[in-house]
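Just the heavy atoms: all of them, side chains too, but no hydrogens, waters or symmetry mates, feed the values below.
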Amino acid sequence: MANTDAAYFSLKSEVLDMLNTIITSTPIYVCSILSILLALSLSIKWDRARFQLLMFMITATMFYIGHFAFYNRTESVVPITDTLYCFSYPAIFPLILIYIEALVLKDPDYKRGLLYLLPSFICGISAALIYATISNEEFSEFIGYHYYFQNYDSISGPAWWLVIIHRAFRIIIAVEIPLVLYFGWKYINEYNRMVENYYSNTEDKVVTFIKPLMIAFLVTLSASFISNFVNRNYFAESIWLLAIPALLYSSIILLFGFVGLTQNTYTREIVKESAMTEEEEPELEIIPLTPEKEHIMAAEIRRLMDEKRLFLQPNLKINDLANMLNTNRNYIYNAINQGIGLSFAEYINKKRIEYAVQLIDQDREILLTDVAHQSGFSSPSAFYRNFKLYMDCTPSDYQKRGASIAASTLSK
């Protein structure tokens with residue numbers, strides 16, 4: 001009986017060890033595979049934003065290697081894995097911001113990006129130097145008192161400095177998280193507004209999925225940061241407790257990488273095309289127009305739209321309108337934004353929806369895909385989304401309910 005119990009507990013221990021290995025290695029595999037895919041993509045076509053995303057994935061791999069060594073108690077490689085951990089943990093958050101800047105800014109400052117990573121390099125290099133000079137006794141003291149149990153009693157010498165480094169990068173991360181969230185959100189919003197004020201069809205041009213993924217990733221890593229600040233060993237007490245963040249992080253990083261691989265790689269070209277030059281039209285900055293000029297310009301735009309139905313052109317840009325009116329596109333931008341109260345894309349899409357409503361009113365049996373195409377939309381999804389936005393109902397609902405809601409809704 002005793003032998004049976006011993007065999008049972010031995011088997012159970014082996015199974016738990018195997019599960020622990022699988023769970024803690026999953027994020028490593030996810031990051032590694034995405035790194036390979038990004039590298040292959042870059043070998044086919046160079047793209048700076050994807051290169052920055054590759055740097056993020058490689059750094060995340062280092063970070064999770066450090067996690068793997070910690071939770072699997074591989075003490076022999078701690079000098080290497082903990083050095084990687086000390087560098088990668090405070091580097092992950094700035095690398096998200098550097099990727100966003102490369103994706104959506106007209107002139108990203110890459111020297112500033114290196115400055116973002118300076119604290120990470122300092123922490124990583126400092127840890128490497130200490131591990132290279134620490135004695136076996138001092139290393140055992142660090143492992144036994146701090147690394148797993150965060151006990152600071154009687155710790156001294158190089159081991160004490162390792163504790164300081166671990167504390168320092170946690171403070172750095174606490175500063176980085178809100179800054180990355182604020183500036184990342186700001187840059188993406190500015191880019192999307194720029195696109196909406198240049199293109200009539202913004203499908204596949206605006207950055208949409210990065211924001212929620214960025215927030216989800218920052219929130220989950222922030223939760224991890226708070227837990228680690230208390231005691232990272234807390235998660236090691238339960239394999240199921242460890243599985244939750246490991247699988248959650250893996251899923252978010254997988255989505256992050258997928259979006260990065262499928263995201264329009266021509267955002268740089270979009271930025272260059274839609275951003276105004278500093279000499280002529282600085283950064284979509286609002287240039288004040290007199291009320292009279294603003295009224296005249298807005299009236300001219302409305303006349304041109306009604307007479308020539310320019311809004312039916314799927315690839316209409318604000319430059320096209322500026323060329324027809326023989327004026328600067330910045331004045332077109334201001335006339336629409338201030339005189340009409342909409343962005344260029346909003347104005348054009350509202351005109352398209354007005355036209356779509358007319359088509360449906362004229363023929364209640366018309367196919368909605370034909371309505372979308374004839375109204376100037378680049379895709380049925382864009383048509384459905386804008387119809388719902390301006391009519392407060394779907395196109396199919398409108399077909400069924402009739403024209404009773406048209407006048408009151410479109411006049412808003």
Side-chain angles (χ1 to χ4, degrees), residues 21-42 47-72 77 80-103 113-114 116-121 123-124 127 166 169-170 172-174 176-177 179-181 184 209-228 232 235 242-263:
T21 301
I22 293 172
I23 289 170
T24 53
S25 63
T26 297
I28 299 175
Y29 288 123
V30 170
C31 293
S32 299
I33 292 171
L34 287 171
S35 297
I36 293 171
L37 292 175
L38 287 165
L40 290 173
S41 173
L42 287 169
D47 180 77
R48 186 173 291 275
R50 283 190 179 175
F51 173 75
Q52 300 298 348
L53 184 58
L54 172 61
M55 294 298 100
F56 167 80
M57 289 299 172
I58 292 174
T59 305
T61 304
M62 297 179 187
F63 170 70
Y64 287 116
I65 287 174
H67 262 294
F68 179 87
F70 178 88
Y71 288 113
N72 288 277
V77 297
I80 297 173
T81 58
D82 193 48
T83 298
L84 294 177
Y85 185 77
C86 290
F87 163 76
S88 60
Y89 202 173
I92 285 177
F93 299 97
L95 282 170
I96 294 176
L97 184 60
I98 292 171
Y99 165 63
I100 292 172
E101 289 183 355
L103 189 68
L114 292 175
Y116 295 162
L117 296 172
L118 183 59
S120 304
F121 283 111
C123 290
H166 277 241
F169 75 64
R170 284 175 170 82
I172 292 168
I173 292 168
E176 288 175 344
I177 291 172
L179 290 177
V180 170
L181 188 59
F209 295 108
I210 296 294
K211 282 200 294 187
L213 284 175
M214 177 184 68
I215 292 172
F217 188 66
L218 287 173
V219 168
T220 51
L221 271 182
S222 299
S224 171
F225 164 71
I226 294 170
S227 301
N228 289 345
R232 186 163 49 144
F235 285 91
L242 179 61
I244 295 172
L247 297 177
L248 184 60
Y249 300 157
S250 299
S251 301
I252 294 174
I253 290 177
L254 184 62
L255 288 172
F256 211 103
F258 175 77
V259 169
L261 283 165
T262 57
Q263 176 72 41

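- Expressed to the nearest 0.5 Å, how far NE2 of H67 lies from CG of N72 amounts to 12.0 Å.
- Rounding to the nearest 0.5 Å places CZ of R50 at 9.0 Å from CG of L53.
- In this structure, the separation between CG on L95 and CE on M57 is 11.0 Å, given to the nearest 0.5 Å.
- Relative orientation of the F63 and Y85 rings is parallel, given thresholds of 30° and 60° on the angle between their planes.
- The CG atom of L38 sits 11.5 Å away from the CD atom of Q52 when rounded to the nearest 0.5 Å.
- Closest of all the heavy-atom pairs between I172 and P90 is CG2-CB, 4.2 Å.
- Considering CD1 of I92 and CG of L97, their distance stands at 14.5 Å, rounded to 0.5 Å.
- No donor-acceptor pair closer than 3.5 Å links the side chain of T81 to the backbone N or O of I65.
- The shortest distance between side-chain heavy atoms of F56 and Y99 does not fall below 4.5 Å.
- Residues I253 and Y64 share a closest heavy-atom pair of CD1-CE1, 3.5 Å.
- Heavy atoms from other residues, nucleotides or ligands lying under 6.0 Å from CG of L117 number more than 12.
- Rounded to the nearest 0.5 angstrom, D47 CG and L54 CG are separated by 11.5 Å.
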List, one per line, each side-chain donor-acceptor pair under 3.5 Å for residues 25-36, sequence neighbours excluded.
from : atom 1 : to  : atom 2 : distance (Å)
S25  : OG     : T21 : O      : 2.7
S25  : OG     : I22 : O      : 3.1
T26  : OG1    : I22 : O      : 2.6
S32  : OG     : I28 : O      : 2.7
S35  : OG     : C31 : O      : 2.7

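- The two residues Y116 and I98 make their nearest non-hydrogen contact at CD1-CG1, 3.6 Å.
- D82 has its side chain within reach of H166: a pair of non-hydrogen atoms, C-beta onward, lies under 4.5 Å apart.
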